[in-house]
Structure formats: C-alpha cells, structure tokens
Amino acid sequence: GVWRQTKALLFKNCLIKCRTKKSSVQEVLFPLFFLFWLILMSMMHPHRKYDEVANANLGTLDTSVLVNFVIGYTPPTRMAREIMKKVAFDNFEDGIITEEYLSEEELQEASAFKPSNFVGVVFNDAMSYQLRFPDSVAMSSIYMESR
C-alpha cells in the first residue's frame, strides 16, 4: 500500500544522496553560505536611526526668497482653489502667484518653460497631493550617507 511505496521512495532518495555526496553537501552548504553573507553585509552596513528633532522656534520666514514664486496646481477643483487661495494669501502678505492647469501634462509643460522658482502641486483627492519640483532641486543629503 501507501506505506510500502513511501518507504521505498525514502530508501531510493537516501541511496541517491549517499551516492552523490558532493551535490548533497552543496545543497546544505550554499544556503548557509548565503545566509552568512547576508548577515555579514547587514553588520557592515547597519541601519541608522535618526533621532527626533526637538521643537524649536525657527523665527520668521524670510519672504524675500518667495518673490515671484509660482505654484501651479491641477486639477482645478473647488477644493484645490480654496487650498491654494489659503496658501497664497493667508500665509504671506504679498501673496504667491498661483496658476491652475487643466491636466498634469500641462503642468509639466509649464514647469519646463518656467524658471527654477516654479513648484507644481497635483491633488490626488481632497486629502492628498504630490509636489513636482524642477530637476534642479537638490536632494537632501541626510539619508544619502547610508547608501
């Protein structure tokens, strides 16, 4: 029955493993070698945990940097217009120039022709958005150190 077939299959596999000792040892040692290699690599490059930054008064915002600053946004919905109005007039005395675009493609085309003081905002819905910066904006070097 089933027990006799299982016993014969186990015996056959044991004979194969005994006759091919080199490949049997490789089957066991290669995974152990790769596991050791992964552990060694993770010990050489440990994850860095950055501590919290304490709350601090950063002082007043230097609005001279924001002269002729342009924020483009899409899609032009009622909620997006309200948010951009708040950003432009409630937070800054002089106001920031806001421009609305019908699609994300138009926003990308406009950012290619605008100077480096252009930032795009793409609203996914009423609660989330994505920022689009020009290519000339440098990335933060804080997280580059561990790479």
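Thr20 OG1 to Leu15 CG: the interatomic distance, rounded to the nearest 0.5 Å, is 10.5 Å. For the atom pair Ile39 CD1 and Phe34 CZ, the distance stands at 14.0 Å (nearest 0.5 Å). Rounding to the nearest 0.5 Å gives a distance of 10.0 Å between CG of Leu107 and CD of Glu109. Distance CD1/Ile83 to CZ/Phe123: 4.5 Å, rounded to 0.5 Å. The line from CG of Asn13 to CZ of Phe11 is 11.0 Å long, rounded to the nearest 0.5 Å.
Counting heavy atoms from C-beta outward, Leu131 and Val121 have side chains that approach closer than 4.5 Å. By the 4.5 Å heavy-atom criterion applied to side chains, Tyr101 and Gln108 are not counted as neighbours. In this structure, Met84 and Glu100 have side chains that are not in contact, with every pair of non-hydrogen atoms separated by 4.5 Å or more.
Neither Val25 nor Phe33 shares a network with the other; the hydrophobic side chains, linked directly or stepwise wherever heavy atoms of I, L, V, M, F, W or Y lie under 4.5 Å apart, form separate groups for each.
Using a 4.0 Å cut-off between charged nitrogen and carboxylate oxygen, Glu82 and Arg78 count as a salt-bridge pair.
Nearest heavy atom pair, residue Pro75 against residue Ala80, reads O-CB, 3.6 Å. Heavy-atom minimum distance, Pro76 versus Leu102: CG-CD2, 4.0 Å.
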